[in-house]
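Here is the structure we will look at.
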Amino acid sequence: MSTDRTGTILVTGAAGFIGSHTCVDLLSAGYRVVGVDNFLNSSPRVLERVRKVATGEFEFVRLDVRDRDALAEVFRRWPIDAVVHFAARKAVGESVEMPLEYYDANVNATLGLVGVMAEHDVRRLVFSSSCAIYGAVDRVPITEDTPARPTNPYSRTKWMCEQILADVCAQDQGWHITSLRYFNPIGAHPSGLLGEDPHGVPNNVMPFIAQVAVGRRDELAVFGDDYPTPDGTGVRDYIHVVDLAEGHRLALDHLGDQAGHRVINLGTGRGTSVLELLAAFSAACGRVLPHRVVPRRPGDVAALVADATLAREALGWTARSGVAQMCRDAWEFQRLNPAGYDDEKGV
Ligand code: UFG
């Protein structure tokens, strides 16, 4: 990886799963990184790990992005060139239970951030969006021009943010914004130092499987085996978090290519079923992991797979890792950190 990049990048949600891996990538590429996070769904210990994995200038401020004064202070203190905005709430089910918190944490925070950026004459932004905005699609792979049909408050917040960003760009040609719609990020840093460590019972399949493997959960509940997919279980486009992090760096590098708002999928273009993922993880950890089929989870769709052509053409990005590697890296993190970041015996 080249280390000739200059510039100071503000990363919001820097202690999160994708944020921390992106900080490592940006630092390794030569950027100076200023991270901010409120640790709502992450651990301060992540910061030491980022510093262990990557050398470079990494500053950190604990703040909530909705606190405009605290955010403005960051822009006064450092010469921010561009922002990568991850900080958000991200659980679909929770968003149905507490919609106002989701609109506040996701939409309000983004409005505030963009306002503070404009006040400080910073108009370069990479926004963390989601394939969730496509909703139940008629066919896969999914291209970026597939109409958005968000089906829950979480995905509506991401869709609203994209529209706000598009409107901002339409009004002022000085803005350069890329919204990255990611598919299903899994895996971990190959060092075993950084990975996914959700608070409470994991909502997502990969951290749940990893916790079964390490003995924290008995078995994986497979949500339905009657979908119109080859083995009847849900198919997703799983993407290694390290590949995803690289996608953010390339999106930053290419922000100057064109003014305005653009939208790019980040996925591998390959679909994997729940049972295939479980088999791959079993191979990685050397033990057949138990599962039980239960009814479908409300709101789930049969298959979501990216058409990743635009990412290749616009950013020169393609995913490197397959599901076997993603499982090996996720297992290594879970094995070395059985109770996650808060395990005193962790690496
Ligand atoms: N699944 C199980 N058992 C589990 C958890 C999940 O069988 O315990 C299945 C789901 O039914 C689905 C697949 O595993 O078929 C993946 O589910 P995840 O919850 O891991 O991921 P989702 O695709 O539902 O959600 C992810 C992100 C969301 C984002 C969404 C876009 O977590 O933030 O992708 O589709 F909105």
Side-chain angles (χ1 to χ4, degrees), residues 13 16-19 41 86-96 102 105-106 128-137 140-142 146 148-162 179-187 196 198-213 216-241 244 265-268 270-281 289-306 323 326-327 330:
F17 176 46
I18 307 172
N41 192 28
F86 293 106
R89 288 178 175 263
K90 63 167 188 177
V92 172
E94 190 182 64
S95 77
V96 177
Y102 270 69
N106 296 7
S128 166
S129 189
S130 169
C131 71
I133 71 169
Y134 294 119
V137 291
V140 293
I142 304 167
T146 302
R149 284 190 296 189
T151 56
N152 54 65
Y154 162 73
S155 46
R156 274 191 282 277
T157 66
K158 291 293 177 183
W159 175 229
M160 285 178 190
C161 286
E162 282 196 13
S179 290
L180 297 175
R181 293 180 179 166
Y182 353 117
F183 283 65
N184 287 53
I186 61 169
E196 192 168 11
H199 289 174
V201 180
N203 287 304
N204 299 117
V205 67
M206 190 55 154
F208 202 103
I209 293 175
Q211 292 190 7
V212 173
R216 284 171 63 185
R217 317 251 165 227
D218 293 338
E219 60 183 4
L220 174 71
V222 174
F223 296 150
D225 65 353
D226 56 352
Y227 284 105
T229 59
D231 65 17
T233 66
V235 166
R236 295 291 183 272
D237 184 339
Y238 296 98
I239 171 174
H240 199 301
V241 66
L244 191 59
N265 284 341
L266 289 184
T268 67
R270 289 183 295 277
T272 302
S273 74
V274 176
L275 291 180
E276 287 171 336
L277 187 67
L278 188 65
F281 205 101
L289 299 174
H291 75 276
R292 184 167 47 93
V293 176
V294 302
R296 293 181 179 190
R297 180 170 63 179
D300 273 354
V301 298
L304 286 172
V305 179
V323 160
M326 300 179 211
C327 290

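Side chains are part of it too, since the values below use all heavy atoms of this structure and drop only hydrogens, waters and symmetry mates. Along the sequence shown, residues carry numbers from 1. When a ligand or atom number is given, it counts from 1 through the structure's own listing order.
Protein residues having at least one heavy atom under 4.0 Å from any atom of ligand 1 are Lys90, Val92, Ser130, Cys131, Ala132, Tyr154, Asn184, Asn203, Asn204, Val205, Leu220, Ala221, Val222, Phe223, Gly234, Arg236, Tyr238, Val274, Arg297, Asp300, Leu304, listed by chain and number.
A side-chain donor from one of Tyr134 and Asn265 sits under 3.5 Å from a side-chain acceptor of the other.
Judged as a side-chain contact (heavy atoms from CB on, under 4.5 Å), and not counting sequence neighbours, the contacts of Asp300 are Phe223, Tyr227, Arg236, Arg297. With sequence neighbours excluded, the residues forming a salt bridge (Lys or Arg N to Asp or Glu O under 4.0 Å) with Arg89 are Glu94, listed by chain and number. In terms of the side chain to side chain donor-acceptor pair (under 3.5 Å) criterion, residue partners of Glu162 (sequence neighbours excluded) are, by chain and number, Ser129, Arg181.
A tilted orientation is assigned to the rings of Tyr182 and Phe86, their planes being inclined by 30° to 60°.
Between Glu276 atom CD and Asp231 atom CG the span is 5.5 Å, to the nearest 0.5 Å.
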